[in-house]
Every structure is written in structure tokens, then in C-alpha cells.
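Each remark here refers to the structure printed beneath this line.
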Amino acid sequence: MEKNNNAILILIYVTIIKMNFFPTRPVLLMRGEIMGKPVIIMEKVNKAFLPGVRVIDNLSFSVQKGEIIGILGPNGAGKTTTIRLLNGVLYPDTGRISVAGFDPVSAGDEVRKRCGVLTESAGLYEHMTARENLLFFAELYGVAEPVRQAERLLSEFGLADAARKKVGAFSTGMKKRLGIAKALLHDPDVLFLDEPTTGLDPEGSRDLLNYIKELNREYRVTILLATHLLKQVQDLGDRFLFLERGRLLESGTFVELEGKYLREITLQVETGLAVSGDEFAGFPVVKKAPGYLWFRLENKDAVPLLLEKILAVAPVYSAVITGRDLETIYFKIREEKR
Amino acid sequence: MRKRQIRAVIKKDIKAVTSSFQLWLPMLLLPVVFSLLLPCLLILPAYKYDISERSILEVLNNLPPGELRETIFSFASTNQQMVYFSVHYLFAPFLLIIPLMAASVLGAGSFAREKERKTMESLLFAPISAPDLFRAKIFAAFIPAVLLTFFSFLLYGTTVNLAAYRLFGGLIFPRPHWLILLFWVSPALSLGAVFLNVFISARVKGFQEAYQLGAVTVLPLIALIAGQITGVLLLNNTVLWLLGAGLWLLDFFLIRRAGRYLDRNKLFATLAS
């Protein structure tokens with residue numbers, strides 16, 4: 001009987017662990033956060049550096065806790081300025097901003113205590129070692145156990161061996177990793193990443209993006225990622241904000257945007273079929289190459305029908321829908337909204 | 001939390017000074033010139049040559065009756081009188097220039113170097129208030145400037161006593177006014193110079209601009225005060241106490257008011273884009 005009880009207790013214990021009821025960092029509501037209320041609110045915000053030249057133009061959006069938001073746009077779109085406004089480093093001319101329930105202008109330090117920022121240049125002291133940099137910023141952010149936290153992050157980002165080397169001797173990738181470690185020193189609830197993969201090699205970029213994903217999944221950290229490298233954020237972002245000249249052109253999830261902007265699709269088919277004209281069985285052929293044909297279809301539902309028609313007369317080796325990515329959506333949006 | 005942040009910025013900035021050879025070497029040259037070479041050049045020739053200068057002797061003859069006049073005329077030779085008067089009164093302004101120069105270099109670099117090294121934004125993104133950051137920058141320049149002054153006075157006193165020992169048959173340094181100058185007037189003057197240079201540094205884009213602007217606007221103003229010190233010293237110590245008090249009050253007023261003119265938005269506006 002006692003053996004059975006123990007077995008049940010072990011089973012309950014294992015279930016709790018498996019279900020991650022007690023994650024390493026407790027998932028709590030942030031101060032000022034009301035369940036369902038956005039963590040970030042920007043409402044009709046305007047900002048001009050020169051009279052009459054707006055860098056942020058009537059910008060409104062909101063972000064829920066735990067979301068990963070991709071802020072996309074060309075250079076000069078206002079991505080970095082948006083991050084600065086949200087952190088109270090710049091003050092808006094008009095409009096309302098709230099981050100974690102605080103106004104970044106009147107309660108900027110409360111906002112900054114809860115936010116971590118990776119700027120494009122990483123903002124590290126090159127005459128100091130990696131460890132000294134982290135310890136300095138840990139003091140600024142009021143980290144409870146600065147040495148332990150700095151060493152944990154150095155090891156987590158593969159910089160433990162370089163901890164006592166001067167940052168001036170670091171590669172761009174190492175500086176970026178140290179910059180992220182710096183942004184995470186105080187366990188922020190919101191993380192702002194401005195062009196985080198600039199200067200990183202493909203492996204470094206992949207590792208960093210995986211880490212961001214993990215951070216969001218495990219700790220529900222809200223992440224705003226400003227970039228113009230659309231391919232990198234396509235799989236990462238929950239929602240995307242498209243900015244141009246400080247204006248919000250469009251926003252939405254990938255599925256929403258796809259449904260709205262990709263009304264036609266292109267299917268690339270690897271086949272032995274030879275088409276002499278510019279259509280096959282009523283489907284327009286938009287491009288030809290030896291062994292490949294590209295068809296324009298009204299929607300995904302037409303794919304099985306087309307493949308069925310081709311298979312009736314020739315073999316099909318592969319079929320891929322092309323142009324179904326964030327980059328295509330981005331250019332469509334810019335084309336239509338201009 | 002605020003004290004911890006201010007301390008962290010001060011520590012970081014002082015480390016930046018001590019680890020930069022180009023920064024501390026010129027500052028160390030000043031005490032060598034003013035505290036070592038200059039007194040030696042005055043005192044050592046007095047053992048062999050007549051160094052009396054008519055204009056200074058006139059000043060000595062016109063001294064009001066009192067302790068200073070009695071002390072100076074208790075020395076038998078004019079060379080002794082010349083040396084005593086020079087080391088205690090004529091050189092005082094030179095020694096006040098040391099903290100001023102240090103304050104200018106350190107103050108001008110405070111914010112400007114952060115901007116040039118692209119670390120300013122990291123500071124602005126941290127939860128430290130702009131006035132606290134400003135105060136930390138002031139202390140980070142003020143502390144080394146004052147320490148350098150103390151070192152210079154110590155070097156000056158040692159040089160004077162060693163070089164003049166045989167001439168006077170004993171130690172002649174310091175007189176009480178040196179202590180008021182060292183611990184009361186000079187720190188107040190340094191703080192003023194640091195404040196003005198840090199303020200300029202916060203409002204311009206780079207070190208060169210800050211240093212040049214500081215040199216044009218701050219140095220002549222402060223040097224004017226320093227230049228009048230000899231005259232003030234000749235009056236009496238009470239005037240010296242009052243001068244120091246006035247400077248401290250002015251520093252306090254300026255630092256309090258500065259907070260209004262420095263917020264994040266303004267600090268950020270000067271960042272080179």
C-alpha cells in the first residue's frame with residue numbers, strides 16, 4: 001500500500017516537473033500590468049528633430065506581454081527612434097506612450113528598470129574587460145548579485161574564456177553577444193533589439209535568434225526587434241509592424257498579412273512537362289526553365305488541381321509555392337501603400 | 001540604488017583616466033613644472049647670486065604692519081626676503097592652475113568621450129536619472145583634480161623646504177594660508193571649473209569641441225580669480241575664507257540649477273548620429 005502511495009507521489013512530482021509548473025524564473029505579471037492590457041502602448045505619437053520634418057508620424061500600436069514584434073522598414077523608417085521613444089531617451093512632441101504601465105517621460109527610470117536594450121553599436125567600453133563591462137552595467141541597473149549574474153551570462157554566451165580580455169580586442173560577433181548579455185543583466189520584462197544580427201556571421205545570427213526565441217518561450221519576455229533583414233525574423237515574430245518615414249504602413253501576423261497581400265501565388269513545379277504557349281490547362285505559365293515551370297494561381301486551393309492535370313500527362317518531381325515570404329509581403333505593402 | 005549608480009559611474013570614469021597614459025601624463029607634467037622646477041629655479045640661484053627684484057622689494061616695503069611684515073623683515077638678506085615672499089605668495093596662483101587644468105581636461109572629456117565612443121546611449125538607456133549622471137560625471141572629474149592638487153602641494157612643500165633649508169637654516173613651509181588655500185579655496189575653484197566643463201561637455205558633440213569651448217570660456221574666468229589670489233593672500237586669512245565660501249555657494253547654486261537644463265532628451269540631442 002505504501003509502495004503504491006510512493007509511486008503515485010513520484011508520478012505527480014514527475015508530471016509537475018514535465019509540465020514546467022515551476023520554471024527557473026517565475027512567470028509573474030509585471031508591475032502595472034493588468035491581465036490582457038498591452039505592455040506597450042503608443043498612441044498617435046509624433047516626433048520631429050527639425051521643425052516640420054517628422055521622424056515619427058502619428059504612430060500608434062500596442063504590444064501584448066510575451067509577444068515578439070518585428071519592427072520592419074528601410075533605413076530612416078523610424079525603427080530606432082521608436083525604441084528610443086519607448087525607453088524615454090527621446091521625448092515625443094505629441095501623443096501618449098506607456099511601457100509596463102509607466103510613462104517613459106515622467107517615469108523613465110521605472111521603464112528602463114524593466115527594459116533591456118541592445119543598440120546597434122552594442123555601446124560597450126572598449127578599454128574595459130567583458131567582465132568589467134557587465135559589472136559596471138549591473139551596478140547601474142541595481143542587479144542584486146552582480147558577480148554571479150555577470151559570470152552566468154558570460155558563460156551562457158560563450159564568453160567565459162574571454163571574460164578578462166579587453167572588449168576592444170573582441171570581434172563584432174563577440175561584442176554583439178556581450179551586448180545582449182548586458183541587455184539581459186537585470187532580467188528585463190521587455191527586450192528591445194536594434195539590428196541585433198548586424199555584423200554577425202550566419203552561425204552567430206542563427207544562435208542569437210534561437211536564444212531570443214528561447215528567452216521568449218521560457219520567460220515570456222516581450223521582444224521588439226527592429227531590423228531590415230526580413231528573412232531572419234519571419235519565423236521568429238508573432239506580429240510585424242511595417243514602418244516607412246515614421247508612419248505605420250501596416251501591421252499584423254504573417255498569416256493575416258499573407259491573406260491580405262498575397263492574393264495570387266506562384267507555384268514552382270519540377271516536371272518533365274513541356275509547355276509551348278503561356279498556359280497549361282487554363283493555368284498561366286509565368287516562367288520557364290529546363291525541367292521547371294512556374295504557374296500563377298489564384299490561391300492555394302488550385303494547387304492539387306493543377307498537379308493532377310500535370311500528372312495526367314507528365315511526371316512531377318517537386319512543387320513549391322514561391323514568393324510566400326515576408327520580403328514579398330514587405331514589397332507588396334510598400335507598393336500599395338505609397 | 002542612486003548612490004550605487006553614482007559610485008559605479010565615478011569608479012568607471014576614474015579607471016578610464018588612470019588607464020589612459022595619454023590622459024594622465026600631461027596632467028602629471030604640471031606638478032613637475034610648477035611644484036618642482038619653478039621653486040628650484042627661484043631658490044637655488046639665491047645661494048650664489050643676488051636675486052632681488054625692485055618691484056617686489058617695493059611691494060615688501062609697502063606691506064601693512066603685522067605678522068607677515070615682521071616675519072619677512074626678520075630675515076637679514078634681501079635674497080631670503082625675496083624667496084620667502086615668492087614661495088608663499090607669488091607662486092600661489094601657479095599652484096591653483098594645476099587643479100584648473102586637470103578639471104578642464106577631465107571635465108571636457110566626461111560626456112564628450114562617451115559620445116565619441118558610442119557608449120552614451122548605453123548610459124541613457126540605463127535607469128540612472130540625468131541629474132545623477134551629471135553629478136557622477138562632476139565627481140569623477142573633481143576627485144582626480146583635487147587629488148592631483150594635494151599631490152602638487154605636497155611636492156611643492158617638500159621642494160621648497162629641501163631647497164631653502166640651508167638658506168634659512170630651517171623649514172619655511174607651510175604658512176597657515178596654504179592650508180585654507182589647499183582645503184577650502186582650491187577645491188571650490190576646481191569644482192566650479194569641473195562643473196562648467198562637464199556642462200559644456202554634455203552640450204557639445206565631441207571632446208575637441210568641449211575642450212576648446214571650455215578653454216575659451218572657462219579658463220580665462222577662473223584664471224582671473226586665481227590671478228587675484230596673491231592680492232587676497234596679502235590682505236588676511238578671513239578674506240580667503242570668505243572667497244572660498246563664495247565659490248562654494250556659487251558651485252552649489254550652479255549644480256542645483258544645472259539639472260533643469262539637462263534632461264535625457266537634451267543629452268541625446270547632442271549625440272552624433
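We name chains A, B, ... by the order of the sequence lines, and we start the count at 1 in each one. All of these numbers come straight from a predicted model, not from anything done at the bench.
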- request: Using non-hydrogen atoms and a 4.5 Å limit, figure out which bit of B/Ser19 sits close to chain A: side chain, backbone, both or neither.
  value: side chain
query: Among A/Tyr125, A/Phe49, A/Phe136, which residue forms the greatest number of heavy-atom pairs with chain B at distances under 4.5 Å?
result: A/Tyr125
- line: Honestly, the part of B/Ala16 sitting under 4.5 Å from a heavy atom of chain A is both
field: Heavy-atom contact with chain B under 4.5 Å, split by part of A/Phe192
entry: neither
- line: Smallest heavy-atom separation, B/Pro127 atom then A/Lys113 atom, equals CB-CG, 3.7 Å
- prompt: Pairs in or reaching into residues 18-37 of chain B: which pass salt bridge (Lys or Arg N to Asp or Glu O under 4.0 Å), with residues at least two apart or in two chains?
  reply: none
Which of B/Asp263, B/Leu124, B/Thr119 touches chain A most, by non-hydrogen pairs under 4.5 Å: B/Thr119
message: Show me the pairs that pass salt bridge (Lys or Arg N to Asp or Glu O under 4.0 Å) and involve residues 137-158 of chain B, at least two apart or across chains.
response: B/Asp13-B/Lys137, B/Glu114-B/Lys137
task: With a 4.5 angstrom heavy-atom cut-off, could you sort out which part of A/Ala122 is near chain B: side chain, backbone, both or neither?
output: backbone
- prompt: Stepwise, does the side-chain contact (heavy atoms from CB on, under 4.5 Å) test hold for A/Met128 with B/Lys12?
  reply: CA-CA 9 Å; A/Met128 285 160 59; B/Lys12 188 264 298 169; 3.7 Å; yes
- request: Examine whether an atom of A/Val89 lies under 4.5 Å from a heavy atom of chain B, and if so say whether it belongs to the side chain, the backbone or both; otherwise answer neither.
  value: both
statement: chain B shares the most heavy-atom pairs under 4.5 Å, among A/Val111, A/Ile83, A/Asn87, with A/Asn87
task: State whether a side-chain donor-acceptor pair under 3.5 Å links B/Lys118 with A/Thr119.
output: no
For the student: nearest non-hydrogen atoms of B/Arg4 and A/Ala138, plus distance: NH2-O, 4.0 Å
- request: Heavy atoms only: give me the nearest B/Phe125-A/Tyr141 pair and the separation to one decimal.
  value: O-OH, 3.1 Å
message: Taking atom CZ as the centre, does A/Phe170 end up with more than 12 heavy-atom neighbours from other residues, nucleotides or ligands that are less than 6.0 angstrom away?
response: yes
- request: List the steps, then state whether salt bridge (charged side-chain N to carboxylate O under 4.0 Å, His left out) holds for A/Glu132 with B/Lys15.
  value: CA-CA 11 Å; A/Glu132 285 168 345; B/Lys15 191 178 158 46; 3.5 Å; yes
query: So with a 6.0 Å cut-off around CZ of B/Phe252, is the heavy-atom count from everything else above 12?
result: no
message: Does any backbone or side-chain atom of A/Leu124 lie under 4.5 Å from a heavy atom of chain B? Answer side chain, backbone, both or neither.
response: backbone
message: Among B/Leu133, B/Leu123, B/Ile6, exactly one meets side-chain contact (heavy atoms from CB on, under 4.5 Å) together with A/Leu140. Which residue is that?
response: B/Leu123
Heavy-atom pair count under 4.5 Å with chain B, highest-scoring of A/Gly116, A/Gly179, A/Gly123: A/Gly123
message: Please determine whether side-chain contact (heavy atoms from CB on, under 4.5 Å) holds for the pair A/Asp109 and B/Arg264, giving the CA-CA distance in whole Å, both sets of side-chain angles, and the decisive distance to 0.1 Å.
response: CA-CA 11 Å; A/Asp109 287 339; B/Arg264 265 187 164 65; 4.1 Å; yes
message: Quick check on A/Arg164: does its CZ atom have over 12 non-hydrogen neighbours (other residues, nucleotides or ligands) under 6.0 Å away?
response: no
query: Rounded to the nearest 0.5 Å, what separation is found between the CZ atom of B/Arg117 and the CD atom of A/Glu126?
result: 9.0 Å
- prompt: Considering only heavy atoms, which portion of A/Lys47 lies under 4.5 Å from any heavy atom of chain B: side chain, backbone, both, or neither?
  reply: side chain
